[in-house]
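Working notes, beginning with the structure itself.
In this text the structure is predicted, and so the values were computed from the model without any measurement. Lettering of chains follows the sequences in order, A, B, ..., and the numbering in each one begins at 1.
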Protein chains: 2
Amino acid sequence: MGKRDEQDFRVDSETGESIHPDLISSVNADMPDEELLYDLAELYKVFGDSTRIKILYALFEAELCVGDIAELLNASPSAVSHQLRVLKTSKLVKFRREGKTVYYSLADDHVRTIIGMGMEHLCE
Amino acid sequence: MGKRDEQDFRVDSETGESIHPDLISSVNADMPDEELLYDLAELYKVFGDSTRIKILYALFEAELCVGDIAELLNASPSAVSHQLRVLKTSKLVKFRREGKTVYYSLADDHVRTIIGMGMEHLCE
DNA sequence: CTTTCATTTGAACATCTGTTCAAATATTAT
DNA sequence: ATAATATTTGAACAGATGTTCAAATGAAAG
């Protein structure tokens, strides 16, 4: 985190004016809050790892426990658990415990829709 | 790139069986190709940076040149250009040259839809 | 052809990320 | 209690990522 407050760039050396000042103002007016855009990027960051995408895709089909997911992805239970924590934090998956076993499933249908959109963009 | 071929985990020390073998097979059968899932993650990775999200959002409103975007985001033209290259590579933006100036715009409406989905997930 | 402006490029650097490994926790059975 | 199994956790490490800076390119004007 933390890469704000740089400086002012692109101020014309003579006049102090930018190329399209009006356009900039009008676009700027319609930009969502810095924080919202930051959170949005954070959300997509979660989808931006193939291990996590595989986990989500696996959960499309069924509720699964950590060990099953690990075997399915050919990954270590530890690695899977670490990533499940990320997905949990982003409220993309939910879980329930049954004895020693913890079962994970998709939190809601947004995940399907978001991934579906991505697939559409890729497959055309 | 490159983190395949680890080992086999989770093979029961005695029997050599996993907890839910049938489930694993059936889920595995419906999983898309490794490569497709990888590309999907790569696509989302592009959305997973606040600078790039801001650029895309700015382009929702209008076609803009590099300098304008830089001023809008309070970032250096160089940083913006680097990120525009990433967006170009992912076919999310297109550009045209007019004299010294290069104008960028959204490649298609998928970008809007994908970002819209993310916003929906956040704002509920 | 030299200058100027807009953009791009490449290398360097600091930061972030995901996996591994070992150890800890949780739950059930003996 | 002790053992066994499933999962979680934390530290360490390697690799990826985004910004900066300086230098290069492209295009129009003098």
Side-chain angles (χ1 to χ4, degrees), chain A residues 1-7 9-15 17-20 38 41-42 44-55 64-71 73-90 93 95-104, chain B residues 1-7 9-15 17-20 38 41-42 44-55 64-71 73-90 93 95-104:
Chain A
M1 273 169 219
K3 61 181 72 153
R4 223 116 296 143
D5 283 70
E6 309 302 338
Q7 258 144 280
F9 292 99
R10 292 229 343 118
V11 179
D12 184 288
S13 17
E14 283 279 44
T15 63
E17 269 169 29
S18 55
I19 303 193
H20 307 102
Y38 185 81
E42 287 301 303
Y44 285 116
K45 214 169 278 184
V46 177
F47 289 90
D49 173 80
S50 55
T51 302
R52 287 191 293 264
I53 284 275
K54 284 180 205 166
I55 293 178
L64 294 167
C65 70
V66 180
D68 286 345
I69 299 174
E71 187 176 336
L73 309 198
N74 211 314
S76 74
S78 174
V80 169
S81 180
H82 276 300
Q83 300 304 352
L84 282 169
R85 186 165 48 73
V86 176
L87 294 171
K88 224 188 305 181
T89 304
S90 316
V93 304
F95 64 100
R96 75 187 167 85
R97 180 153 218 142
E98 195 179 306
K100 302 175 211 163
T101 311
V102 179
Y103 290 93
Y104 283 83
Chain B
M1 271 166 221
K3 60 179 75 153
R4 223 118 294 142
D5 284 68
E6 311 301 340
Q7 258 144 280
F9 293 99
R10 293 229 341 117
V11 180
D12 184 287
S13 17
E14 283 280 43
T15 62
E17 269 169 30
S18 56
I19 303 193
H20 307 104
Y38 184 81
E42 287 300 304
Y44 285 117
K45 212 171 281 185
V46 177
F47 290 91
D49 173 79
S50 56
T51 300
R52 287 190 293 264
I53 284 275
K54 285 180 204 165
I55 294 178
L64 294 167
C65 70
V66 180
D68 287 345
I69 299 174
E71 187 176 336
L73 309 198
N74 210 315
S76 74
S78 175
V80 170
S81 179
H82 275 300
Q83 300 305 352
L84 282 169
R85 186 166 48 74
V86 176
L87 295 170
K88 225 187 305 183
T89 305
S90 315
V93 304
F95 63 100
R96 75 187 168 86
R97 181 153 218 145
E98 196 179 306
K100 302 176 209 162
T101 311
V102 179
Y103 290 93
Y104 283 84

(Q) By nearest heavy atom, map A:Glu42 and B:Tyr103 onto DNA chain C; which one lands nearer the 5' end? (A) B:Tyr103

Where the side chain of [X] is defined as all heavy atoms beyond and including C-beta, which of [options] is the nearest nucleotide?
X        : options                : answer
B:Ile19  : C:dT7, D:dA6, C:dT9    : D:dA6
A:Lys100 : D:dA6, D:dT7, D:dT17   : D:dA6
B:Lys88  : C:dT27, C:dT8, D:dT8   : C:dT8
A:Val102 : C:dT9, D:dT7, C:dC5    : D:dT7
A:Asp49  : D:dG26, C:dT27, C:dG18 : C:dG18

Within the structure shown, what part of the strands sits under 4.0 Å from [X] by heavy-atom distance: base, sugar-phosphate, or nothing?
X        : answer
A:Ser78  : base
A:Tyr104 : sugar-phosphate
A:Phe95  : nothing

Q) Has the side chain of A:His82 got a donor or acceptor that lies under 3.5 Å from a partner of the other kind on the base of C:dT20? A) yes

Q. If each of A:Val80 and B:Ala79 is mapped to the nucleotide of DNA chain D with the nearest heavy atom, which maps nearer the 5' terminus, i.e. the 5' end?
A. A:Val80

Q) OP1, OP2 of C:dT17 versus side-chain N and O of A:Gln83: anything below 4.0 Å? A) no

Q | A:Arg52 vs C:dT17: side-chain N/O to OP1/OP2 distance below 4.0 Å | A | no

Rounded to whole angstrom units, what separation is found between the [atom1] atom of [X] and the [atom2] atom of [N]?
X       : N      : atom1 : atom2 : result
B:Tyr38 : D:dA16 : OH    : C1'   : 10 Å
A:Ile55 : C:dT19 : CD1   : P     : 8 Å
A:Leu87 : D:dT8  : CG    : P     : 12 Å
B:His20 : D:dT7  : NE2   : C1'   : 14 Å

